[in-house]
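Just the heavy atoms: all of them, side chains too, but no hydrogens, waters or symmetry mates, feed the values below. Labels below follow one simple rule: chain letters A, B, ... track the order of the sequence lines, proteins then strands, and each chain is numbered from 1.
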There are 2 protein chains.
Amino acid sequence: MKPTLQAVADAVGVSRSTVSNAYSRPDQLSPALRTQILAAARELGYAGPNPTARSLRRGFVGAIGVLFTSQLSYAFTDPFAVRFLAGVSRAAERHGTSLLLVPLPDDPAGARQAVENAAVDGFCVYCAGDESWALDVIGDRGLPYVTTAARIGAGTDHRYVAIDERAAARSAAEHVAALGHRRVAFLGDGVLPDAPSGPLRLSTADEVPHPTTRGRLAGFQDAFAAVGVDWSAVTLLTAAGNSRAAGADAVRDLLADDAPPTAVLACSDVLALGVLDALAARDRRTAERHPVSVTGFDDIPEAAEAGLTTVRQPAEEKGRIATELLLEPPADPAAGQVLLDTELIVRTSTRPVRS
Amino acid sequence: MKPTLQAVADAVGVSRSTVSNAYSRPDQLSPALRTQILAAARELGYAGPNPTARSLRRGFVGAIGVLFTSQLSYAFTDPFAVRFLAGVSRAAERHGTSLLLVPLPDDPAGARQAVENAAVDGFCVYCAGDESWALDVIGDRGLPYVTTAARIGAGTDHRYVAIDERAAARSAAEHVAALGHRRVAFLGDGVLPDAPSGPLRLSTADEVPHPTTRGRLAGFQDAFAAVGVDWSAVTLLTAAGNSRAAGADAVRDLLADDAPPTAVLACSDVLALGVLDALAARDRRTAERHPVSVTGFDDIPEAAEAGLTTVRQPAEEKGRIATELLLEPPADPAAGQVLLDTELIVRTSTRPVRS
DNA sequence: TTGAAAGCGCTACCAG
DNA sequence: CTGGTAGCGCTTTCAA
């Protein structure tokens, strides 16, 4: 139906190679012939070589896959993920590479297939949970990949761009501890896979499966342990998702206590903003009696407006560097393992504890 | 190097077809054989059929292209575009379809090529300027597409999901006019392609090339013409981009006038927020002497916090419906032309003009 | 239930 | 500068 390269060749009376050259290697034929071929193509309604056939032949696609372990549509809901994507797309557009966003079905077999079937030259994996299965599939396919977290047990050639989660979290916790807070709560998303929203008991941060959350909780713990606050004395909260509403839900009951914590340290800004929402929803008397300091993580744009004290990590740069690492692998493997700086941004959501 | 389906077939001692069936049509061979084949594949490090080869053979890719006429990385900067993408991805993930985000180079020939080379089954075109060239290319390729604006001159089978830009804009302008405002300014992004940021003269809205902006300006004009304000009496402003900063830049000089407009109607929330920024940056005396009402367009999340009066259009639904229209074309062509409702959201940024 | 044959549409090599 | 040849890796009738 649709004309093929062959049809154009026949129409002009040349061979397929020549038509192919007209498109892909203009220097391989006379300008006149090329013009003639292109004209015939337009005539026939031939819109250029079939991309799939070309990719098969060339063994190269011109697209990289972007993998979010969570729901794809969720990625567009999370400001941090969106800024990460902005960075990815900036690097991609500089390289003329397309981005294939691959939605992963909930069932593991389907998710595996989705990764197997993606026609791409490599993957940029946004780590948001357990993605090791995906990395295995990608490895089996012989494709390169870059992640946003160091993969434990991976070789020195594993490329990633990450932050020191633990140290970053510690910086926030030290700030809060220095303000005198001792009765505190840590809030993370999905701290344990199936735990319901709210308080949770854990004997150590090591039990947390999600590496990012684990690192951050451990960092919080480090700082408070250093000032004599035992792990058993902190309230550990888990939210049912990384959203403002989930953050608010997770702390609501705790805030109604007679002696609520004087500070809540959250594993993301989105959760922290939810805590602020819950705080703002209290009646005036309770609010005055029990001021609560809050810290977040990421420093998304909304954090500034809300006056949220948080740990800034460069979202867009993370995406951009990850993509560059994928598209132009550094000769030196060490240069493929990037640790980005973080910075504690102190705003108004943290205040000295009332003595 | 990488094992192929053939290698697996050889290893097991069956034909390629059988291995193929093991992956694509499990019901076509005995479970025992299938298990054996899959085991051999794992053994050899075969990660399943090559997606590109499969696509070529099947004539189907399993991905749709998403086209932004502007910079791809810009799309992640615009809250409205992000929410649109969220809707697109929601529909795509329900269909198990991937999303190919295609960056378009600045030069027309390169952009054309990018569209020609995208390995997809169809396109979802986010209209943000002049995309007719892209629609032509897509049409030549014989691929289906959906746009976010009615294409003038297209047949009745052209699928789109849009809003009535003019009527929507009129609703905002009528509200402002009803508040008594008569000395007003209209602010759009790139009203004329090469005009510098700031005031601009135009004899009619019809001269604006960008259809969305044209429609909105015409709507503003409709409402004010109805209350006796002539087009020549309104200040027309153009911004150098759809960003907060560009919006602020565009109005800054005008606000320093002795008799600035009492209201600014912007073509997007982002621009309107920039106007609010510029307004907030004035000294107290000027601000008190010259209050300025502002309206936006889209109702992005930030608009609510800023108290911006705006016209709401359902961003996510727009993306979702567009994608569904592409993925499951309605039998009735009329059902493929969707006009979404808009709603005027009155907040605090518009007040009666001081008499 | 299995296998042989016939391409999908294109590009790269190499000889002319 | 041009054209023939030989696949890229897979799926799909169709016949056995």
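Between Arg58(B) atom CZ and dA6(C) atom C1' the separation is 18 Å, expressed in whole Å. If you measure from atom CZ of Arg57(B) to atom C1' of dC10(D), you get 8 Å, rounded to the nearest angstrom. Taking atom CD on Gln6(B) and atom C1' on dA4(C), their separation rounds to 12 Å, with Å as the unit. Counting to the nearest Å, the P atom of dC10(C) and the NZ atom of Lys2(A) are 11 Å from each other. What separates CG of Asn50(B) from P of dC10(D) is a distance of 6 Å, to the nearest Å. Atom C1' of nucleotide dG3(C) and atom CG of Asn21(B) are separated by 10 Å, given to the nearest angstrom. When the C1' atom of dG7(D) is taken as reference, atom CZ of Arg16(B) falls 12 Å away, rounded to whole Å. Summarising the geometry, the separation between CG on Leu56(B) and P on dC8(D) is reported as 13 Å, rounded to the nearest angstrom.
Aromatic rings from Tyr46(A) and Tyr23(A) are positioned such that their centres are separated by under 6.0 Å.
Tyr46(A) has no side-chain polar atom (N or O) that falls below the 4.0 Å cut-off from OP1 or OP2 of dG9(C). Taking only side-chain nitrogens and oxygens, Arg54(A) never comes nearer than 4.0 Å to OP1 or OP2 of dC10(C). In this model, the phosphate group of dG9(D) is not approached by any side-chain N or O of Tyr23(B) to a distance below 4.0 Å at OP1 or OP2. Residue Thr18(A) places at least one side-chain N or O under 4.0 Å from the OP1 or OP2 atom of dG3(D). For dT2(C), neither phosphate oxygen OP1 nor OP2 lies less than 4.0 angstrom from any side-chain nitrogen or oxygen of Ser15(B). Contact annotation: Ser20(A) side-chain N/O to dT11(C) OP1/OP2 distance is under 4.0 Å. An OP1 or OP2 oxygen of dA4(C) is reached within less than 4.0 angstrom by no side-chain nitrogen or oxygen of Ser17(B).
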Q.
As a quick check of understanding, evaluate side chain to side chain donor-acceptor pair (under 3.5 Å) for His158(A) and Thr147(A), giving each step before the final call.
A. CA-CA 9 Å; His158(A) 166 217; Thr147(A) 67; 3.1 Å; yes
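Mapping Pro51(A) and Leu29(B) onto DNA chain C by nearest heavy atom places Leu29(B) at the nucleotide closer to the 5' end.
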